[in-house]
Amino acid sequence: MRSRLDSTFVRAELVTSDQPWRDLEFHPAIGSTNDRARELAASPEGPWHIVLTDHQTGGRGRLGRTWQVPDRASIAVSAIVPLAEGAPAGWVPLLAGLALARAIRDVTASAGTALVPRLKWPNDVLIADDDHRKVSGILCELVRLPTGPGVVVGTGVNVHQTREELPVETATSLELCSARVRREDLVVAYLRELARLVDPLTDGFVGDRAAALALGRAAYAEACSTIGLDVRIHLPRGDVTGVAVGVDPFGALVVDTAEGRRTYAAGDVVHVRPHGGGLA
Ligand code: BTN
């Protein structure tokens with residue numbers, strides 16, 4: 001029998017004076033945490049609100065796909081991040097992936113099995129230890145908050161699932177990689193790191209915004225295994241091949257193709273795959 005999430009612990013660790021997070025709503029079961037966060041976004045309590053559940057029954061994925069998880073086996077959380085007017089919102093999904101990769105690295109190391117997560121652009125976290133299978137999914141949605149623009153960052157992490165409980169062969173869970181972690185520790189580490197990484201995109205930021213954004217971009221590029229690879233980009237209108245050479249200031253993938261240098265926004269791309277070997 002899997003244990004219930006200790007939401008009191010998670011709230012106490014995140015809703016503190018050194019964190020921007022303002023409140024945490026826990027549901028033993030809910031359709032989609034992103035849908036609930038989108039409802040909350042319009043209210044005065046919206047900014048920096050977290051929605052967490054033990055059992056997401058109608059999870060949504062990118063491009064209209066579904067995200068299915070058994071009760072108490074995974075993390076399903078949505079966080080409402082308020083942005084400064086004009087901030088490059090396209091970087092939020094990428095920074096969320098980086099925050100999650102770092103949290104997985106640190107929490108699995110503390111639990112005695114240090115996994116090596118890598119990022120596939122824009123934000124899939126792949127685990128090198130299990131043939132680069134995907135352990136998480138992040139769905140970011142732009143919203144309008146009473147304070148200005150914002151993003152609902154919805155994150156699912158496969159923690160305890162068995163192979164049979166995963167929907168596809170290319171997915172894995174932390175437990176399948178021999179990492180036994182508490183879901184509470186992982187969600188706390190992730191949301192603390194997310195708050196730190198998105199800080200330069202928010203109104204509350206104090207310091208050199210451009211320099212801080214450049215640092216975040218450089219850290220992402222270092223963690224992203226797509227950059228430097230031959231890739232095939234699946235677009236609704238057809239495929240493009242080339243070499244992924246970087247990410248632009250808006251979070252789009254920059255690819256050198258036979259027709260010249262092109263950029264692809266995450267929302268337009270169905271899939272990025274390695275072309276001619278390698279791991280994307
Ligand atoms: C993907 O397609 O890879 C993204 C999956 C995102 C799933 C998460 S689980 C928490 C949040 N609520 C949702 O309905 N979806 C996201």
Side-chain angles (χ1 to χ4, degrees), residues 5 7 10 14 21 24-41 46 49-81 90 92-101 103-104 117-127 132-143 150-161 165-174 183-184 186-188 190-191 194 224-226 234 236 251 253 265-273 280:
L5 258 169
S7 59
V10 177
L14 288 173
W21 304 111
L24 182 146
E25 189 177 285
F26 174 72
H27 297 267
I30 194 170
S32 156
T33 54
N34 263 39
D35 288 349
R36 176 61 188 145
R38 286 166 66 100
E39 278 169 21
L40 282 167
H49 205 111
I50 299 162
V51 181
L52 179 66
T53 188
D54 248 337
H55 191 198
Q56 186 170 248
T57 54
R60 294 189 288 111
R62 285 184 62 229
L63 302 164
R65 293 190 276 248
T66 58
W67 182 262
Q68 294 160 5
V69 282
D71 192 12
R72 300 183 182 188
S74 75
I75 290 171
V77 67
S78 296
I80 306 173
V81 174
V92 175
L94 282 66
L95 295 174
L98 179 59
L100 184 59
I104 291 173
R118 295 288 289 164
L119 283 167
K120 178 174 137 175
W121 180 87
N123 56 21
D124 284 347
V125 178
L126 310 183
I127 303 292
H132 296 84
R133 288 188 165 86
K134 170 171 159 159
V135 77
S136 62
I138 299 176
L139 174 67
C140 287
E141 298 182 290
L142 284 173
V143 286
V151 181
V152 168
V153 181
T155 307
V157 189
N158 301 328
V159 179
H160 299 306
Q161 282 101 318
E165 286 175 317
L166 291 167
V168 287
E169 215 277 314
T170 49
T172 191
S173 72
L174 296 179
R183 290 181 294 158
E184 291 84 349
L186 186 55
V187 81
V188 167
Y190 167 52
L191 291 181
L194 178 66
C224 178
S225 54
T226 309
H234 299 265
L253 189 66
D268 298 331
V269 171
V270 180
H271 216 106
V272 179
R273 290 187 203 282

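Read the numbers this way: they start at 1 and go in the same order the structure lists the ligands and their atoms.
- Between the CG atom in L191 and the CD1 atom in I50 there is a gap of 5.0 Å [rounded to 0.5 Å].
- Nearest protein neighbour of atom 15 (N) of ligand 1, counting heavy atoms only, is R60 O, 2.7 Å.
- With no hydrogens or angles considered, a side-chain donor-acceptor pair links Q56 and T33 at under 3.5 Å.
- Annotation for ligand 1: atoms under 4.0 Å from non-hydrogen atoms of G59 are 14 (O).
- Expressed to the nearest 0.5 Å, how far CG of L5 lies from CD of E184 amounts to 5.0 Å.
- The closest protein non-hydrogen atom to atom 3 (O) of ligand 1 is K134 NZ, 2.9 Å.
- The proximity of E141 to ligand 1, defined as any non-hydrogen pair under 4.0 Å, does not occur for either the backbone or the side chain.
- The distance criterion of under 3.5 Å between nitrogen or oxygen atoms is not met by W67 with respect to ligand 1.
- Using a 4.0 Å cut-off between heavy atoms, T155 contacts ligand 1 through its backbone alone, with no side-chain atom that close.
- Which of V153, T33, V69 comes nearest to atom 11 (C) of ligand 1 through a heavy atom is settled by distance: it is T33.
- When each of T155, T53, N34 is paired with S78, the side-chain hydrogen bond (donor to acceptor under 3.5 Å, both in side chains) condition holds for N34 and for no other.
- Counting protein heavy atoms only, atom 2 (O) of ligand 1 is closest to R62 N, 2.7 Å.
- Atom OG1 of residue T226 and atom CZ of residue R118 lie 9.0 Å apart, to the nearest 0.5 angstrom.
- Within the structure, the closest approach of R65 to ligand 1 does not fall below 4.0 Å when heavy atoms are considered.
- For ligand 1 and G156, the ligand atoms under 4.0 Å from any heavy atom of the residue are 8 (C), 9 (S).
- Of the inter-residue distances, the one linking L186 atom CG with I104 atom CD1 reads 6.0 Å to the nearest 0.5 angstrom.
- Under the ring-ring contact (aromatic ring centres under 6.0 Å, His included) criterion, W67 pairs with no residue, sequence neighbours left out.
- The protein non-hydrogen atom at the shortest distance from atom 9 (S) of ligand 1 is Q56 NE2, 3.2 Å.
- The side-chain contact (heavy atoms from CB on, under 4.5 Å) test with S136 singles out one residue from N158, L100, D124, and that residue is L100.
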